[in-house]
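Only a predicted model underlies this, so the values are computations on that prediction, with no experimental measurement involved. Chain letters run A, B, ... following the sequence lines, proteins first, then strands; residues in each count from 1.
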Amino acid sequence: MRKKTLLIITFIICFLSTGCWNYIGLNEMTVVAGVAIDKVNNEYLLSYEIYDLQSTPQGYPIVSQIVQSKGKTIFDAVRNAKKRVSNKMYFSDARIIIVSNQIAKEDGINSIINWFTRDPEVRETLQIVISKENSALELLKVNGLTSTIVSNDIKTIVEKDEKVTSSTEAVPIYQIYNILSNKNMSLTLPLIHLVKNNDQYVCETNGIAVFKNDKLIGYLSSEESKYYLLAKNKLKGGIITINTKIKTADKNSFNISLEIKSNSSKIKYVSFDQKNLKIKLITNTEVTLGEYKDQNNKINDKDLTKLEKEASQYIKKQIEKVIKKIQYDFNTDILGLKEVLYKNNPKQYKKLNNKFDKLYKNIDVEVDSKVEIFNTGFTR
Amino acid sequence: MLFSKKKNEELLFENKLNNLNNNLAEYILTEELDYNVDLISKLFENVDTYTTRKIINENDSKLKYVLIYCEGLVNNEVINESIIKPLVLSRNKRTKKYFLDTVQNEIIQIGSMKKTNSVKEIIEKITYGDTLLIIDGYNEALLLNTPKFNLRSVSEPENEKILLGPREGFTESILFNISMLHRKLRTNDLKIIYKTLGKRSNTKIAICYMKSIVKKEILQDLNERLDKINIDGILDSNYIIELIKDNKLSPFRTIGTTERPDVVVGKMLEGRIALLIDGTPVALTLPYLFVENFQSSEDYYLGFYYTSFSRIIRALGFIITCTIPALYIAIVAFHHEMIPTSLFLNITMERQSVPLPASLEAFVMLLVFEILRETGVRMPTGVGQALSIVGALVIGQAAVEAKLVAAPMIIIVGITGITSLLIPKMNAANIIVRFTNLLLSSIFGLFGFLISSCYWLIHIINLKSFNVNQVDFLEKGWKTKFNDNIIRMPWPKLRKRDYDIANQKNLIRNNSNVGDENA
């Protein structure tokens with residue numbers, strides 16, 4: 001009998017001393033869809049887009065509301081929000097954090113994401129974007145084009161971008177943490193700005209925000225982002241438009257578009273002599289001919305090979321331009337050249353490890369691009 | 001002096017009678033006719049159907065007989081024509097030694113009879129429709145088989161309806177039920193052994209099995225368990241189930257029940273033992289494996305693809321009905337982050353103005369469902385329809401519209417209810433498992449759910465039916481078991497009987513070689 005009661009008691013203790021279990025009714029929480037973080041007078045101003053479940057009529061899409069709070073730290077501000085709303089903020093379904101470029105420049109991204117990575121409620125797949133506008137709040141205030149919740153809109157725009165346009169790169173919060181803690185890598189974040197669309201401002205991706213350490217130092221435009229992603233082997237789709245010199249009947253040059261089907265690129269360490277680090281970048285892109293202006297709708301093999309050459313040259317030029325911009329303007333290793341060195345030649349890496357920052361600007365990157373048009377489409 | 005002696009004798013007789021009921025087995029008939037009749041009449045005192053009839057032979061007035069029977073249980077025509085008439089008219093001479101045999105063999109014209117001198121047996125037989133014939137001067141009497149019953153006609157069992165296949169069901173008469181088995185199994189290998197259970201009801205039960213297929217250990221075990229039964233009455237087979245079951249407190253079945261003779265025959269051919277109980281159409285089959293919960297006789301009458309599919313559905317139904325409410329509560333009340341955002345928002349919207357917390361809501365709604373089900377079972381069909389309308393409208397739509405209950409909860413309860421009806425054989429287990437799961441998961445979330453489902457899993461795996469493991473895939477012969485388990489293979493593949501159930505020497509049941517030889 002004694003043994004039995006002891007057993008039961010130990011079981012009950014086991015039950016009660018387990019980690020995270022607590023009962024929260026679904027109607028006892030304020031569900032956050034997205035957060036915009038600004039800084040006003042040395043205090044963080046957090047604006048939450050919350051799902052307004054009470055005032056949404058039955059059968060209609062859920063509408064949102066904006067709640068604001070201030071605090072000296074992020075967590076402080078989050079808790080201060082409770083003073084205004086009846087229920088505690090619930091972050092598990094938050095989709096997006098919008099950080100104003102001012103904070104990203106001055107405070108660095110680390111101070112922002114720290115609470116979000118520590119808190120158990122927040123998901124690791126949360127997206128962080130940088131607002132190119134004056135404040136992050138401005139992005140939350142506009143109406144979404146496809147849904148009533150802007151945060152959802154921004155999240156899907158950013159996430160589905162890479163397969164269709166490749167104008168920016170989505171970086172979920174757990175990757176930010178990984179990149180920041182790895183000395184060989186540098187951070188980039190998607191950039192969002194407002195554009196006028198049918199007399200209304202809407203959100204649009206606008207390239208990539210480039211970071212040195214954890215501070216914002218510049219932007220790549222969406223066109224530049226495409227070639228940056230191509231060089232980094234992260235490209236999954238997109239259109240390349242080039243102005244071809246192939247003469248047609250009307251003897252004018254014209255624009256054609258190539259749709260990227262697949263791309264593989266490799267960065268290789270080549271050699272190091274005294275001051276110059278040589279690195280080779282090989283890209284191999286498979287495209288289909290998406291648009292080609294010709295009266296007969298025909299294109300012969302000769303023109304095709306010409307086109308391939310032109311496209312590969314164009315890509316090569318663009319990549320070189322982007323790399324130069326990254327090297328000289330930003331002086332940050334977002335392409336991961338240091339990591340390449342580390343992986344390809346660890347001995348050399350050990351020698352150059354300390355000198356790498358000085359050498360970086362002068363790294364000679366040789367670009368070798370190849371384009372193959374494997375399909376010209378079919379016109380009816 | 002003489003008077004007192006007589007009184008003494010009477011007193012002695014009274015005393016004897018008082019003891020009589022306690023130890024009937026010790027009492028036997030004597031050679032005195034009057035004593036015998038008095039003894040039995042005293043035993044049947046205040047039983048007004050009890051009838052005695054004295055008969056004296058026409059030719060020899062010293063030949064006296066007494067007939068004893070219970071009115072209503074016997075066939076009067078047979079008694080008049082085949083017993084009384086020959087006894088009165090017979091010209092046989094009385095010879096001390098052989099006269100009883102003469103009566104038995106030459107005079108009475110009845111199919112079966114039995115010599116006996118045990119009072120206990122006489123009482124059991126008379127109350128079952130036999131007629132007792134006592135002859136003056138003999139310490140043995142004849143039990144004449146003269147019963148007459150009014151029987152319910154054979155009909156399809158209400159609880160085990162099937163689409164295709166034999167439609168007869170057992171009735172309340174054990175003899176008739178056995179006749180149905182015999183008609184399906186025309187072999188002397190089918191053994192039927194009578195036993196009488198119940199101190200007061202003296203219910204006849206029949207242990208039926210195929211001698212060459214049955215496993216002797218199981219038969220012996222069954223006999224031992226039956227012999228230990230010491231209860232006053234047995235009115236239905238469930239009395240026996242609960243008395244001889246292995247895990248007495250388990251909500252899961254370890255003995256099968258059926259009302260269909262074809263099922264009983266099928267199980268006997270697999271090596272199982274059947275128990276028929278007089279007075280109830282429900283027969284027992286044992287040992288009972290866990291998969292039998294998901295099997296039905298129809299599975300062998302319809303195509304194997306279809307029936308395999310329906311068996312899978314039934315097994316899924318069991319899992320769903322036990323886990324769905326608990327999982328829902330665990331996720332909605334504890335682990336919100338497991339729900340996809342759009343679903344989460346929809347559920348949250350629905351839950352905005354509902355008064356009860358989710359777990360209490362689940363308990364209340366499941367209880368309401370059980371109440372509806374229970375009322376529906378006992379209702380006549382006409383009222384049952386009205387009931388279902390009330391249930392669907394009031395509980396379903398109106399409660400949601402009045403914001404008393406959230407709509408997702410109604411869906412969950414609906415799914416739970418429908419899937420629980422998929423497996424009527426597990427009705428008790430369903431409720432217990434579901435509610436323990438629900439209780440633990442509404443206190444501890446998914447963690448509690450895991451604890452309680454682990455408990456039930458271990459419990460199920462530990463279940464035994466007559467020392468045969470109910471769930472067992474790991475032993476020898478698991479391949480044979482798998483052929484007719486959750487999936488039913490076509491008949492050419494079902495060649496062997498279950499290793500655990502049937503006699504080891506006689507495992508092959510199907511050796512047909514039809515069509516291509518590779519099959």
Please check if atom [atom1] in [X] has more than 12 non-hydrogen atoms from other residues, nucleotides or ligands closer than 6.0 Å.
X	atom1	value
A:Phe75	CZ	yes
A:Lys4	NZ	no
B:Gln397	CD	no
A:Tyr177	OH	no
A:Lys82	NZ	yes

Within residues 340-347 of chain B, which residues come under 4.5 Å of chain A, heavy atom to heavy atom? B:Thr341, B:Phe344, B:Leu345, B:Ile347
Which pair of heavy atoms, one from B:His336 and one from A:Tyr90, lies closest together, and at what distance? CB-OH, 2.9 Å
For the student: nearest non-hydrogen atoms of A:Arg123 and B:Ile339, plus distance: NH2-O, 4.0 Å
Atom group of B:Ser442 that falls short of 4.5 Å from chain A, counting heavy atoms: backbone
Nearest 0.5 Å please: distance from the OG atom of A:Ser55 over to the CD atom of B:Gln352. 10.0 Å
